[in-house]
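If you're wondering where the values come from, they're calculated on a predicted model, not measured in any experiment. Lettering follows sequence order; numbering is per chain, from 1.
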Protein chains: 2
Amino acid sequence: MKKVEELIKLFKSKDLKITPQRLGIFKVLEGNATHPSAESIYNEIRQVYPTISFTTVYKTLEVLESLGEILKITIDAGRKYFDPNTIPHHHIICSQCNMIADVNEGLEELKLPNEILDKFTPSRYDISFYGTCKQCA
Amino acid sequence: MKKVEELIKLFKSKDLKITPQRLGIFKVLEGNATHPSAESIYNEIRQVYPTISFTTVYKTLEVLESLGEILKITIDAGRKYFDPNTIPHHHIICSQCNMIADVNEGLEELKLPNEILDKFTPSRYDISFYGTCKQCA
DNA sequence: CTGTGTGCAAAACGTTTGCATGCCT
DNA sequence: AGGCATGCAAACGTTTTGCACACAG
């Protein structure tokens with residue numbers, strides 16, 4: 001995701017309005033590597049903007065996603081997580097506390113077997129590592 | 001997942017009852033590589049056992065999962081999929097029709113960077129490839 | 001006969017939508 | 001002033017739960 005300043009320019013250039021709610025969401029997401037859910041974003045913003053609604057959070061996340069500024073990540077069924085880091089990367093999830101950390105390097109390009117390449121044209125892949133984090137060990 | 005015959009023995013050995021409903025679910029899952037959702041399992045069984053309920057499907061899937069006979073797989077938030085193939089493997093998902101196919105081979109062991117190994121003890125990983133299948137291309 | 005399994009209905013959960021009002025530009 | 005954004009409440013799709021009845025062992 002771009003920096004807040006750039007994001008404001010981007011929104012204005014697309015005739016999207018800058019509201020205090022949206023600004024709050026931008027700030028929560030900027031540089032956020034915790035992979036927050038809609039609920040945790042909502043809870044965080046409510047501390048500075050107590051009247052914001054879930055609807056606004058969801059709608060703004062939708063706008064940001066459609067602009068390619070954030071990604072939805074699927075770690076567990078039943079809840080969506082959002083990632084402002086749009087550079088391709090992978091994740092490791094603690095099986096105890098569900099903390100999600102980024103995995104950015106050390107991964108060579110994967111080659112799929114011909115059996116698969118006969119039936120699919122792959123475009124990208126996500127790896128989810130599971131394990132136990134230091135705190136939980 | 002074990003074969004139905006073995007599954008029956010396993011259930012009996014744990015004092016779990018064999019009912020026609022459970023048997024129907026076993027049969028739908030046996031050798032099933034389509035990664036069905038609870039709903040598609042339910043629809044399939046209803047053709048031979050029209051009075052079965054969603055509740056029973058979910059509860060039986062829960063029992064099978066707790067016995068380690070099936071795995072829940074997370075492909076999209078909002079719906080759970082079940083996989084009777086409990087041997088570690090990966091998946092490729094068609095972005096158009098959402099078909100899910102297994103990826104069993106051609107993948108070397110992945111090494112994580114030290115930056116991650118300092119903070120986590122990894123136990124396993126799942127790769128989700130995304131692409132377009134032949135039919136949709 | 002006993003207790004686990006079933007199935008209905010309702011609740012729970014996260015997310016989405018319709019609509020009237022608000023406010024950014 | 002105009003139109004997009006907000007926020008309430010209700011709808012939604014999926015999964016879970018409480019409870020009375022049924023049936024496998």
Side-chain angles (χ1 to χ4, degrees), chain A residues 4 7-28 35-46 48-67 69-82 98, chain B residues 4 7-26 28 35-46 48-67 69-83 98:
Chain A
V4 171
L7 224 42
I8 292 173
K9 282 183 203 159
L10 175 68
F11 267 57
K12 289 192 173 166
S13 79
K14 304 227 175 232
D15 283 317
L16 295 166
K17 290 175 183 166
I18 301 299
T19 63
Q21 292 93 328
R22 285 183 168 175
L23 220 68
I25 294 169
F26 296 172
K27 285 178 189 158
V28 169
H35 312 84
S37 62
E39 190 185 13
S40 58
I41 294 167
Y42 171 70
N43 286 333
E44 201 167 330
I45 294 173
R46 265 208 307 183
V48 293
Y49 200 103
T51 60
I52 198 169
S53 69
F54 255 110
T55 309
T56 300
V57 173
Y58 277 113
K59 291 222 172 117
T60 299
L61 290 169
E62 195 186 324
V63 173
L64 285 169
E65 196 198 1
S66 72
L67 292 173
E69 293 297 322
I70 61 173
L71 296 173
K72 247 180 224 150
I73 62 178
T74 299
I75 293 293
D76 89 271
R79 202 184 209 84
K80 289 170 185 163
Y81 298 91
F82 299 89
N98 296 311
Chain B
V4 172
L7 224 42
I8 293 172
K9 281 183 204 161
L10 175 68
F11 268 57
K12 290 193 172 165
S13 79
K14 305 227 174 232
D15 282 316
L16 295 166
K17 291 175 182 165
I18 301 299
T19 62
Q21 291 92 327
R22 285 181 168 177
L23 223 78
I25 295 169
F26 296 172
V28 168
H35 313 83
S37 62
E39 189 185 14
S40 57
I41 294 167
Y42 171 69
N43 286 333
E44 201 167 328
I45 293 172
R46 265 209 306 183
V48 294
Y49 199 103
T51 59
I52 198 170
S53 70
F54 255 110
T55 310
T56 299
V57 172
Y58 276 112
K59 292 226 171 113
T60 299
L61 289 169
E62 194 186 325
V63 173
L64 285 169
E65 197 198 0
S66 72
L67 293 171
E69 293 297 322
I70 60 174
L71 296 173
K72 246 180 225 149
I73 62 177
T74 299
I75 293 294
D76 89 271
R79 203 187 208 85
K80 288 168 186 165
Y81 298 90
F82 298 89
D83 196 340
N98 295 312

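Contact between the side-chain N/O atoms of A:Q21 and the OP1/OP2 oxygens of C:dC24 is not found at any separation under 4.0 Å. For A:T56 and D:dA5, the shortest distance from a side-chain N or O to OP1 or OP2 is not below 4.0 Å. Checking the phosphate oxygens (OP1, OP2) of D:dC4, no side-chain nitrogen or oxygen of A:R22 falls inside 4.0 Å.
A:I75 is not listed as a side-chain neighbour of A:N98, based on a closest heavy-atom distance of 4.5 Å or more.
With B:K80 as the fixed residue, the side-chain contact (heavy atoms from CB on, under 4.5 Å) test singles out one of B:E65, B:E39, B:K72: B:K72.
The two residues B:Y81 and B:H35 have their closest heavy-atom pair at CD2-O, 3.2 Å.
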Can you tabulate the close N/O pairs, meaning under 3.5 Å, that link protein atoms to atoms of nucleotides 13-16 of chain C?
| from | atom 1 | to | atom 2 | distance (Å) |
| --- | --- | --- | --- | --- |
| C:dG14 | OP1 | A:R79 | NH1 | 2.8 |
| C:dG14 | OP1 | A:R79 | NH2 | 3.4 |
| C:dT15 | OP1 | A:K80 | N | 2.7 |
| C:dT15 | OP2 | A:Y58 | OH | 2.2 |
| C:dT15 | O5' | A:Y58 | OH | 2.9 |
| C:dT15 | O3' | A:K80 | NZ | 3.2 |
| C:dT16 | OP1 | A:K80 | NZ | 3.2 |

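With rounding to whole Å, A:D76 atom CG is found 12 Å from D:dT15 atom P. The separation between B:I52 atom CD1 and C:dC8 atom C1' is 14 Å, rounded to whole Å.
Taking the side-chain hydrogen bond (donor to acceptor under 3.5 Å, both in side chains) definition, one finds that B:T56 meets it with B:S53, sequence neighbours left out. Qualifying side chain to side chain contact (heavy atoms under 4.5 Å, CB included) partners for B:Y58, counting only residues two or more places apart in sequence or in other chains: B:A38, B:F54. With sequence neighbours left out, the side-chain hydrogen bond (donor to acceptor under 3.5 Å, both in side chains) criterion links B:E62 to no other residue. For B:V48, there are no side chain to side chain contact (heavy atoms under 4.5 Å, CB included) partners two or more places apart in sequence or in a different chain.
Formation of a donor-acceptor pair under 3.5 Å by the B:T60 side chain with backbone atoms of B:V57 is not found in this model.
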Counting primed atoms plus P, OP1 and OP2 as sugar-phosphate and everything else as base, spell out the protein contacts along nucleotides 19-25 of chain D at 4.0 Å heavy-atom distance: B, S or - for each nucleotide, 5' to 3'.
-----BS

